[in-house]
2 protein chains.
Amino acid sequence: MSTLRGVSPVERPTSLSRSAYLRMRQAIRDRALVHGTLYSENEIAATLGMSRTPVREALITLAREGLVEIESQRGFRLRELSEAQRHEVFDLRALLESYSAERLAGQATAEHITRLYALVERQEQLHADPEAFLATDEEFHLLIPLLLGLERTHDTLTSLRGAMWLIGSQALALPQRIPAVLTEHRAIVDAIAAGDPAAAAQAAREHIARTAAAVR
Amino acid sequence: MSTLRGVSPVERPTSLSRSAYLRMRQAIRDRALVHGTLYSENEIAATLGMSRTPVREALITLAREGLVEIESQRGFRLRELSEAQRHEVFDLRALLESYSAERLAGQATAEHITRLYALVERQEQLHADPEAFLATDEEFHLLIPLLLGLERTHDTLTSLRGAMWLIGSQALALPQRIPAVLTEHRAIVDAIAAGDPAAAAQAAREHIARTAAAVR
DNA sequence: ATACAAGATGTTCCATGTAAGTTCTGCGTT
DNA sequence: AACGCAGAACTTACATGGAACATCTTGTAT
């Protein structure tokens, strides 16, 4: 068999299904999909250059995660969240993030603390670039459960982050909000570094409360 | 077209995909699927009398929910939870159930309270039948977020209940534990009926803590 | 003008075929 | 006996076709 020099095989580091999931997730985050529109599997499959099957599988996962709503025999659309549902999202974030911060404060290693400060400092550098700032913000909020190996908490917070996109997460990177976010993140990390679980939990709760207030 | 008297059409109140999901979920709860065994889509599809597609779709949902683990190109098996993961399950239940109880205590209507007591009393009648007792227990733990319309909390608790099956939920209905469970449930409802959020949250937390202790 | 039926259109839902990945088996070689 | 390797046997991952369902359009009768 002759090798085609310079032609690399189609990259498939993972299943098509998974990459459909990741790309659709990105599309929602980046507002390439918009509220109200009814989309079809076909349409997405054509865009992504694959068949309907992996797209459908991705859709099932996204629906389970609460990002889209599948309408039987019709298509799917971005989920709309009621005011009560938005409220619940913030409540759950406060609950899970304060829980994670509290636990980490009780058992943080030197490496954990180094990584947290490194991330906070990186985010401080990015304060002028809202898009990069937001990406780092997501990283920060997921890092704490990740360090603890709290898979389930991490998972749930990941899907709550998706809900934030539906709510309008760009409000998180409003110029006037950014300095406060940085201060609040640092307060959480300081409490963790100080080994003070109650303070860490409190700082996390306050951060979410202020975020919720800013989004309105 | 001639009607086939007495022959009713195949019931399809819902999609095959969904009924595959529900039946597999039941199978896990009832221990028809066991830890360790590697199952194939084909096998399940044959058992359920449908093609592989809806089974596969159900599997994706179950995997997302943490009940099964899909092994690429090999099949799937029941998820095994480490000690740390079990611990996390109880922590999250405590968090979410105390949150729900706390909120309901602050805004319960007369009808809510009636329904809660009715359920508690029904469960008291069933104390001698472990299986029925367990079913009612699940109902109780999901009723509070349901009454509040906390969809996301309800969903997460539903999937945490699935995790309890993996852990071995039959321990919840041990003869010596049943009276305590009934007392603890009643304590939660009493606090809600009294309109005391802090007490309701506390009662819910304690109930989960005791359950966790009993499972070990 | 309006109501309504019939067809056209667009979509999912499910079944199935196929290629490719994984593991097992048995045989031949050392 | 131990090892390696070819190929059989199994599995998923993905593509695709068709039936069923929902909706829209159009034409017709009132």
Side-chain angles (χ1 to χ4, degrees), chain A residues 1 3-4 7-25 27-28 33-79, chain B residues 1 3-4 7-25 27 33-65 67-79:
Chain A
M1 198 232 286
T3 16
L4 299 175
V7 175
S8 52
V10 175
E11 280 191 34
R12 191 179 292 183
T14 176
S15 65
L16 276 185
S17 219
R18 176 150 182 83
S19 76
Y21 165 74
L22 293 173
R23 292 186 62 183
M24 292 186 70
R25 209 161 186 284
I28 294 170
L33 298 183
V34 298
H35 279 102
T37 309
L38 185 65
Y39 297 98
S40 74
E41 290 174 5
N42 248 322
E43 195 178 344
I44 306 293
T47 308
L48 298 185
M50 56 182 74
S51 83
R52 300 173 336 251
T53 303
V55 171
R56 181 170 178 73
E57 296 184 354
L59 234 25
I60 290 170
T61 303
L62 293 167
R64 182 87 205 143
E65 232 175 281
L67 278 174
V68 306
E69 215 154 8
I70 293 175
E71 303 191 9
S72 177
Q73 308 282 19
R74 285 170 39 79
F76 70 95
R77 51 179 112 228
L78 249 52
R79 185 116 181 264
Chain B
M1 202 233 286
T3 16
L4 299 175
V7 176
S8 53
V10 175
E11 280 191 34
R12 192 179 293 185
T14 176
S15 65
L16 276 186
S17 221
R18 176 151 181 83
S19 74
Y21 165 74
L22 293 173
R23 292 186 61 183
M24 292 186 70
R25 207 161 187 283
L33 298 182
V34 298
H35 279 102
T37 309
L38 184 64
Y39 297 98
S40 73
E41 290 174 6
N42 249 322
E43 196 179 344
I44 306 293
T47 307
L48 298 185
M50 57 182 74
S51 82
R52 299 172 338 249
T53 304
V55 171
R56 181 171 179 72
E57 296 184 355
L59 234 26
I60 290 171
T61 304
L62 293 167
R64 182 86 205 145
E65 232 176 282
L67 277 174
V68 306
E69 216 155 8
I70 293 174
E71 303 191 9
S72 178
Q73 308 281 18
R74 286 171 36 79
F76 70 95
R77 49 179 113 228
L78 249 52
R79 185 116 181 263

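Numbered from 1 within each chain, the chains take letters A, B, ... in sequence-line order. Not measured: the values here are computed from a predicted model. Reckoned from all heavy atoms, side chains included, excluding hydrogens, waters and symmetry mates.
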Whole-Å gap separating P (dC14(D)) and CG (N42(A)): 18 Å

What is the distance from OH of Y21(A) to P of dC14(D), rounded to the nearest Å? 16 Å

Counting only side-chain N and O atoms of S40(B), is one of them less than 4.0 Å from OP1 or OP2 of dT11(D)? yes

Atom pair distance, as rounded to whole Å: CD in E71(A) and C1' in dC13(C): 16 Å

dA13(D) OP1/OP2 closer than 4.0 Å to side-chain N/O of R56(B): yes

Between CD1 of I44(A) and CZ of R56(A), what distance do you get to the nearest 0.5 Å? 13.5 Å

Side-chain contact check for Q73(B): nearest option of dA20(D), dA15(D), dT22(C) is dT22(C)

Looking at CG of L16(A) and CD of E57(A), how far apart are the two atoms once the value is rounded to the nearest 0.5 Å? 10.0 Å

Between P of dT11(C) and CZ of F76(A), the distance in whole Å: 11 Å

Between P of dC13(C) and CD of E57(A), the distance in whole Å: 13 Å

Exercise: identify the closest heavy-atom pair between E43(A) and L38(A): OE1-O, 4.5 Å

Roughly how many Å is it from CZ in R77(B) to P in dT11(D), rounded to a whole number? 13 Å

What's the shortest heavy-atom distance between R77(A) and G36(A), and which atoms? NH1-O, 2.6 Å

Just compare dC14(D), dT12(C), dT23(D) and give me whichever is closest to any side-chain atom of R74(A). dT23(D)

Return the value, rounded to whole Å, for the distance between atom CD1 of I70(B) and atom C1' of dT11(D). 13 Å

Strictly distance-based, threshold 3.5 Å: is any side-chain N or O of Y21(B) a donor or acceptor partner for the main-chain N or O of P54(B)? no

Does dC14(C) have OP1 or OP2 under 4.0 Å away from a side-chain N or O of T53(B)? no

Of the options dA15(C), dG17(C), dC13(C), whose atoms approach the side-chain atoms of R52(A) most closely? dC13(C)

E41(B) atom CD is separated from dA13(D) atom P, nearest whole Å, by 7 Å

Need to verify one output field. Residue with the more 5' nearest nucleotide on DNA chain D, M50(A) or L59(B)? L59(B)

